[in-house]
Amino acid sequence: MMEREEFCEQVRMQEVSMYRYALGVLRNTADAEDAVGEAVLRAYEHLGQLKDVTCFRAWVMSILVNVTRTMMKKKGRVELPGDMELYEKGGQQEGKELWYLVMELSREFRDVVILYYYDGFRVKEIARMLKVSEGTVKSRLNRAREKLKRMWEGMC
């Protein structure tokens, strides 16, 4: 079983990815912070259920996915925060514009894009996290890319 210090170190390594995902889904800094905190608390409480320490990243993100789903059901949608650029991947203007386009996607597409492109999860891992088939993840990624391409071309 993972020791407390190792758990804290693993969480520190995932905190940016966790926050980026939560912010992408919840679109509110306070809610994103709450979701990450709740996910970390749940992960620590259920640490005994983690069989393979090498799977910590996917395991804790699965918990976060469930926490954000619950929060979305309770609160509904909120507006995009102004400080989003603090948690974007990259610092170039194109990256910022692309991030805002990703935020305009519907939740099903936004989830897979953030997990795949921004956080580097494999299709198989995303399928487990979201409790959908790998084919569904691939289809959503493909449709999201098409939507993003059309949105990007519409900006130019």
Side-chain angles (χ1 to χ4, degrees), residues 1-2 6-29 31-78 80-81 84 87-90 94-152:
M1 187 168 132
M2 185 183 288
E6 186 179 2
F7 174 82
C8 292
E9 182 62 29
Q10 289 288 329
V11 167
R12 273 192 288 281
M13 292 184 338
Q14 302 310 319
E15 66 186 345
V16 171
S17 292
M18 292 176 73
Y19 184 79
R20 180 176 37 235
Y21 175 79
L23 189 58
V25 171
L26 300 170
R27 299 179 176 204
N28 178 286
T29 56
D31 288 345
E33 290 168 358
D34 289 346
V36 171
E38 179 65 25
V40 169
L41 180 62
R42 286 185 189 178
Y44 190 74
E45 289 173 348
H46 297 99
L47 195 54
Q49 295 175 1
L50 178 63
K51 304 293 183 220
D52 184 358
V53 176
T54 61
C55 297
F56 180 84
R57 183 171 184 246
W59 179 72
V60 77
M61 288 299 285
S62 294
I63 293 170
L64 180 61
V65 166
N66 291 330
V67 168
T68 58
R69 280 184 179 161
T70 301
M71 290 178 77
M72 286 292 288
K73 287 178 186 173
K74 288 181 182 176
K75 294 189 179 209
R77 294 187 173 258
V78 291
L80 186 68
M84 184 74 91
Y87 298 94
E88 293 171 350
K89 185 175 185 176
E94 290 86 10
K96 290 178 183 178
E97 290 170 0
L98 182 58
W99 176 257
Y100 285 105
L101 292 178
V102 169
M103 291 301 98
E104 290 180 23
L105 293 172
S106 66
R107 169 107 192 258
E108 66 182 358
F109 298 124
R110 193 172 58 238
D111 284 355
V112 295
V113 167
I114 292 170
L115 291 170
Y116 187 81
Y117 289 106
Y118 287 86
D119 293 327
F121 285 101
R122 296 186 316 262
V123 169
K124 187 177 211 172
E125 294 170 317
I126 296 168
R128 272 195 309 249
M129 283 181 222
L130 300 178
K131 296 179 176 83
V132 297
S133 72
E134 289 180 40
T136 299
V137 172
K138 290 177 185 177
S139 173
R140 288 179 183 175
L141 281 170
N142 188 46
R143 286 190 277 162
R145 282 190 293 265
E146 291 171 8
K147 288 176 182 282
L148 287 169
K149 181 179 178 188
R150 283 194 306 271
M151 292 163 73
W152 186 264

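Below, each value reflects all heavy atoms present in this structure, side chains not excepted, and no hydrogens, waters or symmetry copies. Numbering of residues begins at 1 and proceeds along the displayed sequence.
Within the 4.5 Å cutoff, the side chain of L41 has heavy atoms near those of the E45 side chain. Within the 4.5 Å cutoff, no side-chain heavy atoms of V137 are placed close to those of Y116. By the 4.5 Å heavy-atom criterion applied to side chains, R145 and Y117 are counted as neighbours. R20 is listed as a side-chain neighbour of W99, based on a closest heavy-atom distance under 4.5 Å. Using a 4.5 Å heavy-atom threshold, the side chains of T29 and Y19 count as touching. Two residues are said to be in side-chain contact when any heavy atoms from C-beta on lie closer than 4.5 Å; M129 and I63 fail this criterion. Counting heavy atoms from C-beta outward, L141 and E146 have side chains that stay 4.5 Å or more apart. Looking only at side-chain heavy atoms (C-beta outward), L47 and W59 come within less than 4.5 Å of each other.
In plain terms, the two heavy atoms of M151 and L101 that are nearest each other are CE-O, 3.4 Å. The shortest heavy-atom contact between T68 and V65 is OG1-O, 2.9 Å. When every heavy atom of L64 is checked against every heavy atom of A35, the shortest pair comes out as CD1-O, 3.7 Å.
A side-chain donor-acceptor contact under 3.5 Å links S133 and T136. No side-chain donor-acceptor contact under 3.5 Å links R110 and Y21.
For the atom pair OG (S139) and CD (E134), the distance works out to 13.5 Å, reported to the nearest 0.5 Å. Of the inter-residue distances, the one linking L130 atom CG with E125 atom CD reads 11.5 Å to the nearest 0.5 angstrom. In this structure, CG on N28 lies 9.0 Å from CD on E33, to the nearest 0.5 angstrom. Residue L148 holds its CG atom at 13.0 Å from CZ of R143, rounded to the nearest 0.5 Å.
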Output, in order, the C-alpha distance, side-chain angles, deciding distance and verdict of ring-ring contact (aromatic ring centres under 6.0 Å, His included) for Y44 and F7.
CA-CA 8 Å; Y44 190 74; F7 174 82; 5.1 Å; yes

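A side chain to side chain contact (heavy atoms under 4.5 Å, CB included) with M72 holds for exactly one of D31, V67, L26; it is L26. Across M18, E15, Q14, a single residue satisfies side chain to side chain contact (heavy atoms under 4.5 Å, CB included) together with V40, and that is M18.
Other residues, nucleotides and ligands contribute only 12 or fewer heavy atoms inside 6.0 Å of the CZ atom of R122. Around the CZ atom of F56, the shell of radius 6.0 Å holds more than 12 heavy atoms that belong to other residues, nucleotides or ligands.
Within the 3.5 Å criterion, the main-chain N or O of A58 finds a donor-acceptor partner in the side chain of S62.
By the 4.0 Å N-to-carboxylate-O rule, E9 lies close enough to R12 to be salt-bridged with it.
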